[in-house]
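Letters A, B, ... are given to chains in the order of the sequence lines, protein chains preceding strands, and every chain is numbered from 1. Remember, it's a predicted structure, so these values are computed and weren't measured experimentally.
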Number of protein chains: 2
Amino acid sequence: MAKNSYHHGNLKNELIEKGLEYIDRNGVESLSMRKLAESAGVSCAAPYSHFKNKQDFLKAIQDYITERFMDVLTAAAEYCRDRSRLLIELGISYVRFFYKNPLYYSFLFNRNFPDLETYSPFLFFRECVIMTLGKDLDEDKLRYGVIALWSMVHGLAGLITVEGLIDPEHIPEEIEKILTTVDIRR
Amino acid sequence: MAKNSYHHGNLKNELIEKGLEYIDRNGVESLSMRKLAESAGVSCAAPYSHFKNKQDFLKAIQDYITERFMDVLTAAAEYCRDRSRLLIELGISYVRFFYKNPLYYSFLFNRNFPDLETYSPFLFFRECVIMTLGKDLDEDKLRYGVIALWSMVHGLAGLITVEGLIDPEHIPEEIEKILTTVDIRR
DNA sequence: CTTTAATCTTATCGTTGTTAAGATATTAAC
DNA sequence: GTTAATATCTTAACAACGATAAGATTAAAG
């Protein structure tokens, strides 16, 4: 909070928070820098003291969501005592994250799809697959298996909002059934 | 072609074609109705005689691409003589379609994700899975298997543009290896 | 206290989607 | 074939948008 009304004091963070909230509610399509500035009580040009342009602003929000996403994944891995269920639990957390905030999905993966080789959630997931199946599979199978599993979980997360396809009441069980339908150990 | 310069004669189709071309080259983000109208040699208000608004126009393009997508899938199924390879061939065609036109993917599946229960490519894919695996699997396994496979192929198509992950030179072989890494019959 | 840098406002620009009112050509009715 | 109705286009205008420049205000550094 600023003492006076000229300097806001915490504009950068407030813009990011308000932006997050807006995207969660309405999607990124109709997000406007001007409306955001107004709702923060500053002029329409003020945001450009903190962000180079709109894309730069959206990138900041994207990074923030990705961090939250990573938190969920690492927490799921940490609280999973049964090693054999690690990938299942990861998948459930993955899908559930985007089920709770469906509009984040298209926002994250539509504009500038992240480079997987430097995308922390993917790298973490790959480590988990290696930890779980590394001893059962040769190098090739492992490589293709990682891609196959990631694709499936990622694709699945994109489908969760489709009505009727997956019962929202039973996300964990449904996800588990879907994921255990396939087997990459053979 | 119109005789005079006042009436264009084929504006609706030309706009769709020009729009397709633009999205293929630059993505939908920067597409502008005005520039499109100008490139077609008409005034900026002319397109609104044929489309209610921009979203209505994009929907028309979306439908057109989906038709082309369906053509590719049905052709792949038709030319596949070996029944046991049907799903593999479908997956390869699916991924290859979006590899050839990467920007179509985010355009199609980002705005207004299609309702799968009425989405012809998905319905067709489901029929193919039932044809291929229906006798091996019970109802539940079939249901979850369809979702799992579709998710994987769909997610895979979204990852193909990521450099290094899949070698563009060997799309069919790579896709086949990835898809055959998993087994839903068990 | 003075200087420097960060942050904000005001004013303005070009671009966009969209609509209204009217002009022109095509089609249908008679 | 002339007229009436309809489809299609133009011109003009509006509000909203992203962005920038120039200058005001405050905070930080010396």
When rounded to whole Å, the CD to P distance for the pair B:Glu29 and C:dG17 reads 12 Å
Value in whole Å for how far the C1' atom of D:dT8 lies from CG of B:Asn13: 15 Å
Nearest-nucleotide wise, let me know which of A:Arg34 and A:Val42 is further upstream toward the 5' end of DNA chain C. A:Val42
Nearest to the side chain of B:Ala45, which nucleotide is it out of D:dA19, D:dA12, C:dG17? D:dA12
Please report, rounded to the nearest Å, how far the P atom of D:dA19 is from the CD atom of A:Gln55. 9 Å
Any B:Tyr6 side-chain nitrogen or oxygen under 4.0 Å from OP1 or OP2 of C:dA25: no
Can you identify which nucleotide, out of C:dG17, D:dG18, D:dC9, has its nearest atom closest to the B:Met33 side chain? C:dG17
Select base, sugar-phosphate, or nothing to describe what A:Leu31 touches, counting heavy atoms under 4.0 Å on all strands. sugar-phosphate
Once you round to the nearest 0.5 Å, how far does NE2 of A:His8 lie from CG of A:Leu15? 7.5 Å
Check the distance between D:dC17's P and A:Phe57's CZ and give it to me in whole angstrom. 14 Å
Please determine if a side-chain N or O atom of A:Ser32 lies less than 4.0 Å away from the OP1 or OP2 oxygen of D:dA16. no
Position toward the 5' end of DNA chain D (nearest nucleotide), B:Cys44 or A:Cys44: B:Cys44
Which nucleotide in the set D:dT8, C:dT10, D:dG18 lies at the smallest distance from any side-chain heavy atom of A:Lys54? D:dG18
Rounded to the Å, how far apart are B:Tyr48 OH and D:dT10 C1'? 15 Å
Once the angle between the rings of B:Phe51 and B:Phe57 is folded into 0 to 90°, is it parallel (under 30°), tilted (30 to 60°) or perpendicular (over 60°)? perpendicular
Taking only the side-chain heavy atoms of B:Ser43 (C-beta and beyond), determine which of D:dA19, C:dC8, D:dT10 contains the nearest atom. D:dT10
Checking the side chain of B:Lys141 only, and the main-chain atoms of B:Asp136 only, is there a donor and an acceptor separated by less than 3.5 Å? no
Measure the acute angle between the ring planes of B:His154 and B:Trp150, then classify it against the limits of 30° and 60° as parallel, tilted or perpendicular. parallel
Figure out the CG/P separation between A:Leu36 and D:dA16, and round it to whole Å. 16 Å
To the nearest Å, how far apart are A:Leu11 CG and C:dC8 P? 5 Å
Is any side-chain nitrogen or oxygen of A:Lys35 closer than 4.0 Å to OP1 or OP2 of D:dA16? no
Could you check how far CZ of A:Phe51 sits from C1' of C:dT7, rounded to whole Å? 13 Å
Below the 4.0 Å mark, does C:dA6 have OP1 or OP2 next to a side-chain nitrogen or oxygen of A:His50? no
Testing A:Phe69, A:Tyr104, A:Phe122, A:Phe98 one by one against A:Phe109 for a ring-ring contact (aromatic ring centres under 6.0 Å, His included), which residue passes? A:Phe98
